[in-house]
Protein chains: 2
Amino acid sequence: MNSPTEIPAVTRQSERLGELIEERIVTGVYPPGTRLDEQELANTFGVSRTPVREALIQLSSAGLIEIRPRRGATVPEVGADRVCEMFEVMAELEAMCGRLAARRITADEQLALQEAHRACEAARDANTPDVYYQLNEVFHQRIYEASHNSFLVEQATALHRRLRPYRRLQLRVRNRMATSFNEHQAIVDAIVKGDSDLASAQLRAHVTVQGERFADLVATLRDFKAGG
Amino acid sequence: MNSPTEIPAVTRQSERLGELIEERIVTGVYPPGTRLDEQELANTFGVSRTPVREALIQLSSAGLIEIRPRRGATVPEVGADRVCEMFEVMAELEAMCGRLAARRITADEQLALQEAHRACEAARDANTPDVYYQLNEVFHQRIYEASHNSFLVEQATALHRRLRPYRRLQLRVRNRMATSFNEHQAIVDAIVKGDSDLASAQLRAHVTVQGERFADLVATLRDFKAGG
DNA sequence: AGTCACCGTCTTGTATACACAATATCAGAG
DNA sequence: CTCTGATATTGTGTATACAAGACGGTGACT
């Protein structure tokens with residue numbers, strides 16, 4: 001008697017491997033410039049080279065690694081300018097989500113959005129940046145979904161994921177949490193009000209600020225390095 | 001099946017295979033719903049299953065096929081609504097390109113853009129839709145590049161590619177070529193003038209129209225089917 | 001007669017083996 | 001001592017072999 005809801009956890013190893021390797025890349029275990037040796041990865045994860053290769057190809061398609069023919073896979077050195085470009089695109093994608101969300105959001109989704117927003121508020125009051133960071137992801141996801149454009153949701157989510165490590169760097173920035181929450185408030189207001197232009201502008205600004213903060217951070221680090 | 005006389009592959013077979021299979025998908029050789037048997041593809045292209053699998057994984061990451069664990073790869077049935085969603089995102093990406101291009105385009109790029117535009121004009125005057133279609137691609141690519149955001153260029157190009165088959169359908173639409181060219185003219189003017197808001201709006205409208213045309217076409221086809 | 005279970009076949013997923021290209025190493029010449 | 005060229009080694013790219021799950025058919029039981 002097989003229960004219809006039985007989940008045999010039947011996923012390809014290569015898929016799991018991809019996630020594991022991705023995790024190690026974004027967490028800095030494999031820093032930029034690292035050469036990813038297939039055999040070495042295979043040994044590390046206790047599998048053969050085949051699923052490792054498939055995972056690497058997947059990551060390559062996602063843009064997380066670079067595969068040069070006959071030269072193997074490497075974690076690319078993503079220049080600060082490159083990341084800024086990505087934030088620039090992210091800002092526009094989020095702006096679009098906001099614009100559509102303001103026009104299309106349902107009552108249920110409004111509730112879900114405000115709930116996520118209040119959760120962020122709690123994290124802010126508790127002064128728990130890590131929690132805020134996670135709830136922030138939920139908040140933005142709610143907006144994506146309210147756009148009622150599933151393709152857009154996928155694109156935005158993918159890029160959001162890819163920018164995660166760089167956004168994470170900003171946790172420590174002074175007052176970032178409070179400022180972020182205030183921006184969120186304005187965004188929620190605009191969406192609830194149905195003001196698509198305002199929602200769009202607010203979200204664009206919100207994300208653009210993150211890109212600028214990242215640029216600031218990079219500049220600071222460079223100065224720090226140069227200074228000694 | 002190694003043919004020793006073939007030119008030494010400077011690129012992976014799987015990469016070439018990916019392009020070949022992609023070509024067959026977008027040209028309708030493998031229509032939506034087709035089950036892509038690995039062994040069959042391997043026989044077709046005269047290689048083993050390994051590079052075929054790698055190509056399929058790549059295509060899956062690009063969103064062109066769906067791979068369900070243990071059930072193989074299939075060409076997904078992309079619903080009309082899904083395509084419309086993609087056009088909606090494309091419109092926004094192009095709008096962004098235009099907005100940035102209006103602010104950042106160099107003198108050289110202006111020349112290249114206008115050259116591409118004039119080439120389109122020639123194709124319009126010659127009433128050669130196929131040629132116009134190809135030159136149109138170049139025209140848009142020029143705008144992407146003028147945005148001076150390489151990540152945006154990649155994203156826009158990828159989505160443009162993915163929408164190609166649906167845009168191709170519109171070649172036959174009455175007066176589409178002339179209308180398209182007029183829209184291009186307005187876009188070029190706005191960019192050259194440096195009016196980023198206008199360029200953005202014009203491009204958004206230009207692409208949105210394509211999405212609507214596609215929707216029209218689908219509706220017409222449906223009625224046609226229903227009618228007889 | 002309909003339904004369910006069991007079994008065979010087929011396809012995918014993974015491992016291993018082999019071929020070849022690219023890089024590293026070392027020796028010899030300038 | 002350095003530069004260059006040949007050789008060795010390493011690692012990728014492809015093929016083949018093996019294992020395991022999914023689908024279809026057939027048979028038995030209700």
Can you tell me the distance, in whole Å, between the [atom1] atom of [X] and the [atom2] atom of [N]?
X       : N      : atom1 : atom2 : result
A:Arg16 : C:dG13 : CZ    : C1'   : 15 Å
B:Glu38 : D:dG21 : CD    : C1'   : 14 Å
A:Arg35 : C:dA24 : CZ    : C1'   : 12 Å
A:Glu40 : D:dT10 : CD    : C1'   : 13 Å
B:Arg68 : D:dG21 : CZ    : P     : 18 Å
B:Gln13 : C:dA21 : CD    : C1'   : 14 Å
A:Leu36 : D:dG13 : CG    : P     : 13 Å
A:Asp37 : C:dA22 : CG    : C1'   : 14 Å

Over all atoms of both residues, closest heavy-atom pair of B:Thr106 and B:His148: CG2-NE2, 3.8 Å
Selection: residues 43-67 of chain A, any non-hydrogen atom under 4.0 Å of DNA chain D: A:Arg49, A:Arg53
Short N-O contact, B:Glu19 and B:Arg161, less than 4.0 angstrom: no
Electrostatic pair B:Arg142:B:Glu115 at N-O distance under 4.0 angstrom: no
Aromatic ring pairing A:Tyr144/A:His160, orientation class (parallel under 30°, perpendicular over 60°, tilted between): perpendicular
Identified side-chain contact (heavy atoms from CB on, under 4.5 Å) counterpart of A:Val75 within the set A:Leu59, A:Ile21, A:Leu36: A:Leu36
Under 4.0 angstrom between B:Arg71 side-chain N/O and D:dC23 OP1 or OP2: yes
A:Arg82 and B:Glu154: CA distance, side-chain angles, deciding distance, salt bridge (Lys or Arg N to Asp or Glu O under 4.0 Å) verdict: CA-CA 12 Å; A:Arg82 174 80 174 175; B:Glu154 290 167 22; 2.9 Å; yes
Nearest-neighbour nucleotide for the A:Arg70 side chain, C:dA21, C:dT14, D:dC23 considered: C:dA21
